[in-house]
Amino acid sequence: MTTETEQDALNFKIGAVARITGIPADTLRMWERRYTVVSPRRGQGSSRLYSREDITRLTLIKQLVDRGSAISTVANLSREQLLEQLDLMQGGSGYEQAGRNDVSCRVMICGDALPLKMSGEANDYAGIEILGAYASMAEFEMQAAAQQPDVIVLEYPALMPETVSEIRTQLRRSGAKKAIVIYGFATREIVRSLHGGNTIPLRAPVDPLQLRQQCRQALFQSQQQHDSHDEDEFSDDIPVRLFNADELAQLAQASTAVECECPHHLVDIIQRLGSFEAYSAECENRSPEDAALHAYLHGATARVRATMEKALERVVRAEGVDLEQLRGKAVTVKN
DNA sequence: GTTCTAACA
DNA sequence: TGTTAGGA
């Protein structure tokens, strides 16, 4: 356990850099030799030691190369030029189109690679509204204070111990409810420390769809924590209940009139699923560590429940039960 | 695991 | 332009 100082930030060996950036070690050497993409300083035995700046730079360059630029044309661009190039390739503007009519999760992004990735598929981002995407933390910080995002997404090539406190600071200053932290490389301890609470660590690469889901889920969780319980007001992915408790009870009764006991069993299954659904939703709030898992369980259960409800509806209709009439009764009982 | 050069596709 | 072989 050494005290991590600036020294640690300058110590990435070529293998680590290859893993973080996704550029093969051989290619890294080639790029350096032929185009002087970066000039890592040398350590023992003349092995290359890359800095964090090197890594962010390489990440940018990789983006451009992946998008069709010749390495020779981008190898010597400054950081600003690289960003500009990348921006041009996206068809510019992109980010700050207003949200849709539905409630969307307001997101702000800070990072090198991510802003571009996100804007590239902007159309797929129903449900989240990207307020802005920045490459510089300073700019991000200023804008975040003004925009008051729901969720901030911070991207780092590598997570350092000091990065963690920076994340918490940004979270506090922006007033966001959750921070999604995308990292290329980090020790287990650091990742663990980011689990739970208001931060969600995600290992890069994160595909845009996944990120979108995470954003919405993050917002959903934070809402759950605040307005204590909202019963069945689960957003989008959770199918609404087809039958309430009263209706189910009545259907169970009604089914005794018919020969087959299937409706009865179905009601039983649906009631149990409903209970577990509520239980898993509860867990979702209680333990932030397992929130994702419980959210999944909750969603899965709800979907099964919805399926079984449809089955019940069909069976009961086949048995000649008048659902509409029953509904009318149940509602008057309930309200 | 790393460096380097040269040749190859 | 990226990959591979060979030697260190």
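Each chain gets a letter, A, B and so on, in the order its sequence line appears, and its residues count up from 1. Please read all numbers here as calculations on a predicted model, not as lab measurements.
In this view, A:Arg57 satisfies the side chain to side chain donor-acceptor pair (under 3.5 Å) rule with no residue, not counting sequence neighbours. The side chain to side chain donor-acceptor pair (under 3.5 Å) search around A:Ser78 returns A:Gln81, not counting sequence neighbours. For A:Arg188, the side chain to side chain contact (heavy atoms under 4.5 Å, CB included) test picks out A:Arg192, with sequence neighbours left out. Checked against side chain to side chain donor-acceptor pair (under 3.5 Å), A:Asn76 has no partners two or more places apart in sequence or in another chain. For A:Arg29, the side chain to side chain donor-acceptor pair (under 3.5 Å) partners two or more places apart in sequence, or in a different chain, are A:Asp26.
B:dT2: Watson-Crick or G-U partner is C:dA8, with both key distances under 3.5 Å.
A:Gly45 comes within 4.0 angstrom of nothing in the nucleic acid, heavy atoms only. Contact annotation for A:Ala70: backbone-only contact, meaning every heavy-atom pair under 4.0 Å involves sugar-phosphate atoms and none involves a base. In this structure, A:Arg48 reaches the sugar-phosphate backbone alone: every heavy-atom distance under 4.0 Å involves primed, P, OP1 or OP2 atoms, never a base.
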Identify every side-chain donor-acceptor pair in residues 164-173 of chain A under 3.5 Å, counting partners at least two apart or on other chains, and give the distances.
| unit_1 | atom_1 | unit_2 | atom_2 | d |
| --- | --- | --- | --- | --- |
| A:Ser165 | OG | A:Glu162 | O | 2.9 |
| A:Glu166 | OE2 | A:Tyr156 | OH | 2.6 |
| A:Arg168 | NH2 | A:Ser193 | O | 3.1 |
| A:Thr169 | OG1 | A:Ser165 | O | 2.8 |
| A:Gln170 | NE2 | A:Glu141 | OE1 | 3.1 |
| A:Arg173 | NH1 | A:Glu141 | OE2 | 2.4 |

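In the 5' to 3' direction, nucleotides of DNA chain B lying under 4.0 Å from heavy atoms of chain A begin and end at B:dT2 to B:dT5.
The stretch residues 71-81 of chain A participates, sequence neighbours left out, in these salt bridge (charged side-chain N to carboxylate O under 4.0 Å, His left out) pairs: A:Arg79-A:Asp112.
Here A:Glu155 does not pair with A:Arg203 in a salt bridge; the nearest charged N to carboxylate O distance is not below 4.0 Å.
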Output a table of nitrogen or oxygen pairs between the protein and nucleotides 3-8 of chain C separated by less than 3.5 Å.
| unit_1 | atom_1 | unit_2 | atom_2 | d |
| --- | --- | --- | --- | --- |
| C:dT3 | OP2 | A:Thr27 | OG1 | 2.7 |

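Atom P of nucleotide C:dG2 and atom NZ of A:Lys62 are separated by 11 Å, given to the nearest angstrom.
Distances shorter than 4.0 Å separate none of the side-chain N or O atoms of A:Trp31 from OP1 or OP2 on C:dT1.
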